[in-house]
Amino acid sequence: FLHDRIQQAAAALIGPAEREATHAAIGRVLVARLPPAPTPQQVFEAVSQLNRSPHLLTGADERTRAAELNLTAARHARTTTAFQSAADFAAAGLRALGGNHGGALRTPAFSLMVTGCESALALGRLAEGAERLEQARRLCQGRAETATCWRLQIELHTCRGESLEALVSSDFEFDVT
């Protein structure tokens with residue numbers, strides 16, 4: 001605990017702007033040192049630093065990498081039932097993309113929205129889940145993603161206690177043309 005107090009005292013001596021720049025710099029170093037197959041803990045440490053200063057991420061490559069790492073962290077958090085952390089990481093990943101969901105960024109954006117929706121539903125935050133689902137639907141392409149959106153719609157209806165709507169939602173057909 002003494003170590004924590006020393007860290008807190010040192011952090012208090014640094015102004016907010018310098019603190020954010022320091023977190024960004026630490027995050028960049030941690031990302032640069034990630035092995036090809038990082039452990040979840042390594043990913044959590046890197047994104048925890050980057051997420052403290054998202055506005056300091058520069059360039060499309062750095063923003064995309066931050067979004068991808070946040071997606072990895074969100075998925076792992078979700079599998080360990082840390083739904084709040086999963087929702088936070090998914091939201092941070094979307095913030096890193098800065099509203100740019102086109103081209104090569106469509107797939108990670110869709111995945112972040114799906115993970116955010118699943119986490120919100122698990123937390124009982126149905127309005128947030130519905131919002132993430134609508135965002136995902138706007139990016140949805142192909143049969144697998146369509147099925148994912150329908151699955152989430154059924155889950156949303158089920159969470160709302162709308163059994164009939166869930167049943168009706170489950171009766172859809174794929175456009176195979």
Could you tabulate the donor-acceptor pairs under 3.5 Å formed by side-chain atoms of residues 28-35, not counting sequence neighbours?
from, atom 1, to, atom 2, distance (Å)
R28, NE, E62, OE2, 2.5
R28, NH2, L56, O, 2.6
R28, NH2, E62, OE1, 3.3

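The two atoms that bring L71 and P108 nearest to each other are CD2-O, 4.5 Å, heavy atoms only. What you find for L156 and A130 is that their closest heavy atoms are CD2-CB, 3.7 Å. The minimum heavy-atom distance linking C159 with L126 is given by the pair CB-CD2, 3.6 Å. Taking all atoms of both residues into account, the shortest heavy-atom contact from A77 to F89 is CB-CD1, 4.5 Å. Closest of all the heavy-atom pairs between S119 and A86 is OG-CB, 3.2 Å. Across all their heavy atoms, E118 and R78 have their closest contact at OE1-NH1, 2.6 Å.
Side-chain heavy atoms closer than 4.5 Å link hydrophobic residues (I, L, V, M, F, W, Y) into clusters, and following such links, possibly through other members, connects L105 to V114. Note on L133: it clusters hydrophobically with L97, by side-chain heavy-atom contacts below 4.5 Å among ILVMFWY residues. Under the 4.5 Å side-chain heavy-atom criterion for Ile, Leu, Val, Met, Phe, Trp and Tyr, L69 and F110 are members of distinct hydrophobic clusters.
Of the residues listed (D88, N51, T115), the one engaging N70 in a side-chain hydrogen bond (donor to acceptor under 3.5 Å, both in side chains) is N51, and it is the only one.
Between R19 and R52 the shortest side-chain heavy-atom distance does not fall below 4.5 Å. Put simply, the side chain of C140 does not reach to within 4.5 Å of the side chain of W150, judged on heavy atoms. Within the 4.5 Å cutoff, the side chain of M113 has heavy atoms near those of the L139 side chain. No side-chain heavy atom of R160 sits under 4.5 Å from any side-chain heavy atom of E165.
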*Start with the C-alpha distance between E68 and R65, add both sets of side-chain angles, then the distance that settles side-chain contact (heavy atoms from CB on, under 4.5 Å), and finish with yes or no.*
CA-CA 5 Å; E68 290 168 346; R65 182 71 170 136; 4.3 Å; yes

*Criterion salt bridge (Lys or Arg N to Asp or Glu O under 4.0 Å) on E131 and R125, from CA distance to verdict*: CA-CA 10 Å; E131 181 182 333; R125 297 192 318 231; over 6 Å; no

*Under the side-chain contact (heavy atoms from CB on, under 4.5 Å) criterion, do S111 and R75 qualify, and how do the steps go?*
CA-CA 9 Å; S111 297; R75 285 177 169 164; 3.3 Å; yes

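Taken from CG in L112 to OG1 in T107, the straight-line distance is 11.0 Å, to the nearest 0.5 Å. In this structure, the separation between CD on Q135 and SG on C117 is 9.5 Å, given to the nearest 0.5 Å.
There is no side-chain donor-acceptor pair under 3.5 Å between Q49 and E45.
Using modelled atom types, no side-chain atom of E145 and backbone atom of G142 make a donor-acceptor pair closer than 3.5 Å.
Using a 4.0 Å cut-off between charged nitrogen and carboxylate oxygen, R132 and E128 do not count as a salt-bridge pair.
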